[in-house]
Amino acid sequence: MRDIYRNFRRYGKLHGLLIFSLGLIIIYWRYEIYFSNERKRIETTNEEVRKLINIDVTLNYAARPDVRTKTPWDAPIIWEGMFDKHIYDQMHIHLKTNVAVTVFAVGGYLNVYLKTFLTSAEKYFMVGLPVTYFIFSDLPDQIPYIELGPQREIKIIKVERHSRWQDVSMMRMQTISTLIDSEIRHNFRYIFCLDVDQEFKGRFGSEALGESVAMFHAQFYRAPKSRYNYEKNPKSKAFMKTGDFYYHAAVFGGTWENVKNLTDTCFENIVADKVNNVEAVWHDESHLNKYFYLHKPTKLLSPEYCWNEKFPGKDIRIARLVWSPKYHTSLRT
């Protein structure tokens, strides 16, 4: 009997120790799952906040009764006086928003326009947010030195120069798409694609960010639709009988997913046109207009964001980005 009691105590303690150890393992395993999920939750918090909070609800549409401030599908059209820049900036700083910018500086466009574009962008474009300029050039060694602000950088990507400027214009869609796949989708939430022959002269800030952002063409925003430069050749993939507005390809942007879809679609249609020996009159801009007609942008920028100072501008309280003088004959030769 004594031996049985002794063995019971010995194996009972061992059994208890095993149960205690198993309990510790279970507790550790449960807490490891909890903290792993918590880490994932924290990592996705910013993305969830972006989806839940629509900063555009703070827009004051009544502040600009002189102009159109909404599209027929209720997308906002951003004008001076409609937004509180502090609300937009603080929210995007809190969300740690960063922005990629693509700009093509090929041939003579590099020396004539790039330095002014970059130095002015540093003064006015998305100030306070991290910005990376992706500069595509056939002359990477000639990119000028620009003193950049905190959290701003330049990345230079060499591209081949096409014999026709039209091909440079159209092939940029493929080039941007490739960059989104290789880098932007992994490191940036938003991307803007801008022409180099422009100069920033006023705030071009976080109020311009959105899921899918299109730009009113300054030349046509008050013109009747009959004057819009839609592609009229029914053989072209860009063909349009009518549309909503006429958009300027000098400025477009949004989340990388939306810009990726836009550039892929436009490039596929450009290639299809080439196969059929067709070329849209306004090249990538014609295809961009067709895309935005079929896939409505969620935000439009007023002509303030890409203005020609030679136009009469009674609606323009501030010219944020302006057309630089054009030297098409010499630069495109």
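Just so you know, these numbers use all the heavy atoms, side chains as well, and skip hydrogens, waters and symmetry mates. In this chain, numbering begins with 1 at the start of the sequence shown.
- Remark: the backbone N or O of Ala280 is not paired with any side-chain donor or acceptor of Ser236 at under 3.5 angstrom.
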Practice item. Go through Leu209 and Leu129 one step at a time and tell me if the side-chain contact (heavy atoms from CB on, under 4.5 Å) criterion holds. Key: CA-CA 12 Å; Leu209 296 171; Leu129 296 181; 4.3 Å; yes
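- In this structure, the separation between CE on Met215 and CG on Leu194 is 11.0 Å, given to the nearest 0.5 Å.
- One distance of note links CD1 of Ile176 with OG1 of Thr263; it measures 6.5 Å at 0.5 Å rounding.
- No salt bridge links Asp244 with Lys225; every basic N to acidic carboxylate O contact stays at or beyond 4.0 Å.
- Across every non-hydrogen atom of Gly128 and Arg152, the tightest pair is N-NH1, 4.5 Å.
- Within 6.0 Å of NZ in Lys237 there are 12 or fewer heavy atoms belonging to other residues, nucleotides or ligands.
- For an aromatic pair to be called close, the ring centres must be under 6.0 Å apart, and His217 with Trp307 fails this.
- By the 4.0 Å N-to-carboxylate-O rule, Asp181 lies close enough to Lys260 to be salt-bridged with it.
- Aromatic rings from Phe216 and Phe245 are positioned such that their centres are separated by under 6.0 Å.
- Taking the six-membered ring where tryptophan is involved, the planes of Trp323 and Phe311 are perpendicular, since the angle between them exceeds 60° and thus also 30°.
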Check your understanding: Step by step, would you call Phe136 with Leu179 a side-chain contact (heavy atoms from CB on, under 4.5 Å)?
Key -> CA-CA 10 Å; Phe136 298 96; Leu179 178 67; 3.6 Å; yes
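- Ring pair Tyr246/Trp282: centre-to-centre distance not below 6.0 Å.
- The residue from Asn261, Thr265, Asp264 that alone fulfils the side-chain hydrogen bond (donor to acceptor under 3.5 Å, both in side chains) condition with Ser177 is Asp264.
- Ring-centre distance between Phe192 and Phe204: below the 6.0 Å cut-off.
- With values rounded to the nearest 0.5 angstrom, Lys96 atom NZ is found 10.5 Å from Gln151 atom CD.
- Looking only at side-chain heavy atoms (C-beta outward), Gln198 and Val322 stay at 4.5 Å or farther from each other.
- The number of heavy atoms from other shown groups lying within 6.0 Å of NZ (Lys296) is above 12.
- We find that Arg203 and Glu80 are not joined by a salt bridge, their nearest charged nitrogen and carboxylate oxygen being 4.0 Å or further apart.
- Looking at heavy atoms from C-beta onward, Asp197 lies out of side-chain contact with Pro325 at the 4.5 angstrom threshold.
- Using a 4.5 Å heavy-atom threshold, the side chains of Ile146 and Thr119 count as touching.
- Residues Leu321 and Tyr305 have side chains not in contact (no heavy-atom distance under 4.5 Å, counting atoms from C-beta outward).
- Atom CG of Asn269 is separated from atom CG of Leu288 by 11.5 Å, given to the nearest 0.5 angstrom.
- Between Pro303 and Trp79, the shortest heavy-atom distance links the atoms CD-CH2, 3.6 Å.
- Aromatic pair Tyr124/Phe200: ring centres not closer than 6.0 Å.
- Follow the hydrophobic side-chain contacts under 4.5 Å out from Leu148 and you reach Leu118 in the same cluster.
- Taking all atoms of both residues into account, the shortest heavy-atom contact from Lys232 to Pro234 is O-CD, 3.2 Å.
- For the residue pair Ser324 and Tyr113, the shortest heavy atom distance occurs at CB-CE2, 3.7 Å.
- At a threshold of 4.5 Å between non-hydrogen side-chain atoms, the residues Ile316 and Ile318 do not count as touching.
- With Glu231 as reference, Val281 is the one residue of Asp273, Asn289, Val281 to meet the side-chain contact (heavy atoms from CB on, under 4.5 Å) rule.
- Across every non-hydrogen atom of His92 and Ser206, the tightest pair is CD2-CB, 3.6 Å.
- Residues Val57 and Trp73 are members of separate hydrophobic clusters, defined by side-chain heavy-atom contacts under 4.5 angstrom among Ile, Leu, Val, Met, Phe, Trp and Tyr.
- Tested against Phe83 for a side-chain contact (heavy atoms from CB on, under 4.5 Å), the candidates Ile55, Asp56, Leu59 yield a single pass: Leu59.
- Side chains of Asn258 and Tyr190: no donor on one and acceptor on the other come within 3.5 Å.
- The OH atom of Tyr61 sits 7.0 Å away from the OG1 atom of Thr69 when rounded to the nearest 0.5 Å.
- A heavy-atom distance below 4.5 Å is not found between the side chains of Ile135 and Lys155.
- The pair Glu257-Arg189 meets the salt-bridge criterion, since a charged nitrogen lies less than 4.0 angstrom from a carboxylate oxygen.
- No salt bridge links Arg317 with Glu304; every basic N to acidic carboxylate O contact stays at or beyond 4.0 Å.
- Under a hydrophobic clustering in which Ile, Leu, Val, Met, Phe, Trp and Tyr are joined whenever their side-chain heavy atoms come within less than 4.5 Å, directly or via other members, Leu262 and Phe239 fall into different clusters.
- What you find for Gly81 and Ala63 is that their closest heavy atoms are O-CB, 3.3 Å.
- Under the 4.5 Å side-chain criterion, counting only non-hydrogen atoms from C-beta, Val159 is not in contact with Ser137.
- Put simply, Val196 and Leu139 are part of the same group of oily side chains (I, L, V, M, F, W, Y) that touch within less than 4.5 Å, one to the next.
- Side-chain contact check for Val251 versus Asp195: every heavy-atom pair is 4.5 Å or farther apart.
- The pair Arg172-Asp284 counts as a salt bridge, with a side-chain nitrogen and a carboxylate oxygen less than 4.0 angstrom apart.
- Other residues, nucleotides and ligands contribute more than 12 heavy atoms inside 6.0 Å of the NZ atom of Lys158.
- The only option from Tyr291, Tyr293, Phe292 that meets the ring pair (Phe, Tyr, Trp, His ring centres under 6.0 Å) definition with His295 turns out to be Tyr291.
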Practice item. Please report the C-alpha distance between Val259 and Cys193 in whole Å, then the side-chain angles of each, then the deciding distance to 0.1 Å, and finally whether the side-chain contact (heavy atoms from CB on, under 4.5 Å) criterion is met. Key: CA-CA 9 Å; Val259 177; Cys193 307; 4.1 Å; yes
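- Formation of a donor-acceptor pair under 3.5 Å by the Glu207 side chain with backbone atoms of Gly205 is found in this model.
- Under the 3.5 Å distance criterion, the side-chain polar atoms of Gln90 are left unmatched by any main-chain donor or acceptor of Ile87.
- Lys115 places no side-chain N or O within donor-acceptor distance of the main-chain N or O of Tyr145, the cut-off being under 3.5 Å.
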Review point. Tyr228 and Gln219: side-chain hydrogen bond (donor to acceptor under 3.5 Å, both in side chains), yes or no, with the steps?
Key: CA-CA 9 Å; Tyr228 291 175; Gln219 187 172 345; over 6 Å; no
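- A donor-acceptor contact shorter than 3.5 Å is absent between the side chain of Thr132 and the backbone of Glu153.
- Remark: side-chain polar atoms of Arg68 are paired, donor with acceptor, to backbone N or O of Lys70 under 3.5 angstrom.
- Remark: side-chain polar atoms of Thr102 are not paired, donor with acceptor, to backbone N or O of Phe134 under 3.5 angstrom.
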**Study point:** Check against side-chain contact (heavy atoms from CB on, under 4.5 Å), Ile191 and Val99
**Key:** CA-CA 6 Å; Ile191 172 176; Val99 183; over 6 Å; no
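- One finds the OG1 atom of Thr178 at 13.0 Å from the CE atom of Met173 (value rounded to the nearest 0.5 Å).
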